[in-house]
**Student:** 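Handing you a structure now.
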Amino acid sequence: MRMSKSISIIGILGGGQLGRMTAIAAEKLGIRTHIYTDERASPTEKIAYKTTIAPYDDAAALQKFAESVDVVSFEFENIPYKTLEILEKYVEVNPKPEVIKICQNRLREKDFVNSLGVGTAPYARVSNRDELEAAIRKIGKPSILKTTEMGYDGKGQVQIESLLQQIELKDGVEYVLEGFVHFEKEISVIVARGKDGEVKCYEPAENIHKNHILDITISPANISKELAQKARDIAMKIAEGLGLVGVLAVEMFVCGDEILVNELAPRPHNSGHHTIDSCITSQFEQFVRAICGLELGDVTQHSKAEMKNLIGDEIALAEKYAAEPDCFVHLYGKATAREGRKMAHVTKVGQESVVNSQ
Ligand code: AMP
């Protein structure tokens, strides 16, 4: 017995922890997961029903994969667009490849967000030294230079303090210069949109980064009701504007009464991991429901939550957290703990802080 009559197996591109937690959620609904990844021994492989290990440009492997599943989605956005185009010939892909095209390029993403009347930091395209100098004059200092593609967790970012600063711009690489936002808080909203256009939005969560990597998420965010509604409205507007079928994380900066959008991720997101233990429907189950055309689940948050990523050596803390009655530990099944590598997360539900309990 399973929830969906028409979908018995989903295909997910990528084998990281997001795919792993999606596969666990899918199993709960009686839906199997077939993973396609170019990495051996991925965190998802141990959980998934089936895994294909092949490069993302292997057309024959992609066709075989597509023909073995009922719908395809992805757990990371740096997938070549061509890969999704190949898959779409054989199987339904949700969200649509067009969504990934927008979200995997910071310039396209900001142009799109602004086209909806939603604000971002000021920005300019840069591809050489002259354009960089013109952009710094226009946007001012401090500002942040980012590669338009393949950047995450602060990778490919340089803070610009002066026009004279020595910056090495790589030939053929496109960059975006962004004005530095003096934000009070970073928040994110996870929103789901189903095939029938139904939209459901989780509470905004507050995010604290360490070395550009998400360290702690507190949910709900400690912001006014008005700001929380504004954040939800922005997320819903973007999901609708994209014609999303799936889940989307919208990362935002709070500056006084204003909210600026920093980044979009059209997939489950690290700041939504707490939903597994704090909400009626987790972001992973919601993702499966949305891409399979099932009714969306209830997003009510039944417990306050604080999620901490266990990064690199912090994995040593997992046992201590596991002994605490209000902590839920989720290991990702990664063999080696490298610096900056997300190994696990812990969600503490209720009032107390995970940080204070260390
Ligand atoms: P990103 O890769 O764009 O998500 O950036 C990683 C982190 O860098 C963000 O979560 C912020 O903490 C910081 N950051 C990125 N862009 C800006 C900006 N324009 N102004 C201030 N901080 C930023």
Side-chain angles (χ1 to χ4, degrees), residues 16 18 75-79 100 102-114 118-126 132 135-162 165 167 170 173-191 204-219 221-223 231 234-235 238 247-256 258-274 307-309 311 339-342 345:
L18 300 177
E75 58 117 54
F76 71 115
E77 55 269 14
N78 292 325
I79 301 162
I100 231 181
I102 293 172
C103 298
Q104 67 186 189
N105 179 291
R106 290 184 194 273
L107 267 172
R108 276 200 287 271
E109 187 172 274
K110 287 182 202 304
D111 288 347
F112 172 76
V113 169
N114 281 286
V118 175
T120 61
Y123 62 101
R125 180 181 179 276
V126 168
L132 175 61
I136 296 172
R137 283 198 187 90
K138 181 174 151 209
I139 284 167
K141 301 165 294 228
S143 44
I144 302 184
L145 187 69
K146 302 180 180 179
T147 50
T148 54
E149 295 193 359
M150 303 300 279
Y152 61 95
D153 288 346
K155 290 188 176 67
Q157 296 191 14
V158 190
Q159 188 152 330
I160 309 273
E161 303 289 351
S162 138
Q165 198 167 326
I167 305 282
K170 294 198 182 90
V173 174
E174 187 186 53
Y175 299 84
V176 58
L177 186 76
E178 277 182 37
F180 189 89
V181 178
H182 297 276
F183 53 80
E184 281 135 42
K185 277 182 199 297
E186 286 191 78
I187 60 167
S188 56
V189 175
I190 295 186
V191 57
E206 188 172 332
N207 299 318
I208 300 162
H209 294 81
K210 203 162 75 183
N211 304 324
H212 294 282
I213 305 178
L214 182 67
D215 183 30
I216 287 165
T217 294
I218 298 164
S219 184
N222 185 16
I223 52 175
I234 288 173
I238 293 173
V247 299
L248 168 82
V250 184
E251 293 182 37
M252 311 174 191
F253 298 134
V254 175
C255 315
E258 204 187 1
I259 291 180
L260 300 174
V261 168
N262 176 36
E263 222 180 3
L264 309 178
R267 50 162 172 82
H269 190 255
N270 196 167
S271 67
H273 289 2
H274 70 88
M307 188 278 322
K308 171 156 176 53
N309 276 330
I311 298 171
E339 197 189 328
R341 193 174 198 206
K342 291 173 183 167
H345 74 265

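This one's a predicted model, so the numbers in the text were calculated from it and none came from an experiment. All values below were derived from every heavy atom in this structure, side-chain atoms included, with hydrogens, water molecules and symmetry-related copies excluded. Numbering of ligands and ligand atoms starts at 1, following listing order.
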**Student:** Is there a heavy atom of His182 sitting under 4.0 angstrom from any atom of ligand 1?
**Tutor:**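 Checking ligand 1 against His182, which is what was asked, there is no heavy-atom contact under 4.0 Å.
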**Student:** Taking only residues two or more places apart in sequence, or in another chain, which ones meet Asp111 in a side-chain contact (heavy atoms from CB on, under 4.5 Å)?
**Tutor:**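 Asp111: side-chain contact (heavy atoms from CB on, under 4.5 Å) contacts with Tyr123.
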**Student:** Return a yes/no value for Ile144: is any of its N or O atoms, backbone included, closer than 3.5 angstrom to an N or O of ligand 1?
**Tutor:**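 Such a contact does not occur with ligand 1.
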**Student:** Looking at His212, which atoms of ligand 1 are within less than 4.0 Å of one of its heavy atoms?
**Tutor:**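 Once the distances to His212 are compared, the set is 8 (O).
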**Student:** Side chain or backbone, does Gly179 bring an N or O within less than 3.5 Å of an N or O on ligand 1?
**Tutor:**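 Gly179 vs ligand 1: N/O contact under 3.5 Å present.
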**Student:** Is any side-chain heavy atom of Lys146 less than 4.5 Å from a side-chain heavy atom of Tyr175?
**Tutor:**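 Of all side-chain heavy-atom pairs linking Tyr175 with Lys146, none is under 4.5 Å.
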**Student:** Do the rings of His273 and His345 sit parallel, tilted or perpendicular, given the 30° and 60° boundaries?
**Tutor:**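 Rings of His273 and His345: tilted, as their planes differ by 30° to 60°.
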**Student:** Could you work out, with side-chain contact (heavy atoms from CB on, under 4.5 Å) as the rule, every residue matching Arg341, not counting sequence neighbours?
**Tutor:**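 Testing Arg341 for side-chain contact (heavy atoms from CB on, under 4.5 Å), a comparison that skips the adjacent residues, returns Lys334, Thr336, Arg338, Met343.
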**Student:** Within ligand 1, which atoms have a heavy atom of Glu251 less than 4.0 Å away?
**Tutor:**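 What qualifies from ligand 1 is 4 (O).
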**Student:** Just going by heavy-atom distances, which of Leu214, Val181, Asn262 is nearest to atom 21 (C) of ligand 1?
**Tutor:**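 Closest candidate by heavy-atom distance is Val181.
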**Student:** Would you check, one step at a time, whether the test side-chain contact (heavy atoms from CB on, under 4.5 Å) holds for Glu174 with Asn105?
**Tutor:** CA-CA 10 Å; Glu174 187 186 53; Asn105 179 291; 3.6 Å; yes
**Student:** Please determine which of Val250, Asn207, Val254 meets the side chain to side chain contact (heavy atoms under 4.5 Å, CB included) test together with Ile187.
**Tutor:**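 Among the candidates, only Val254 passes.
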**Student:** Show which atoms of ligand 1 fall inside a sub-4.0 Å distance from at least one heavy-atom site of His209.
**Tutor:**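 Those qualifying, in numeric order: 10 (O).
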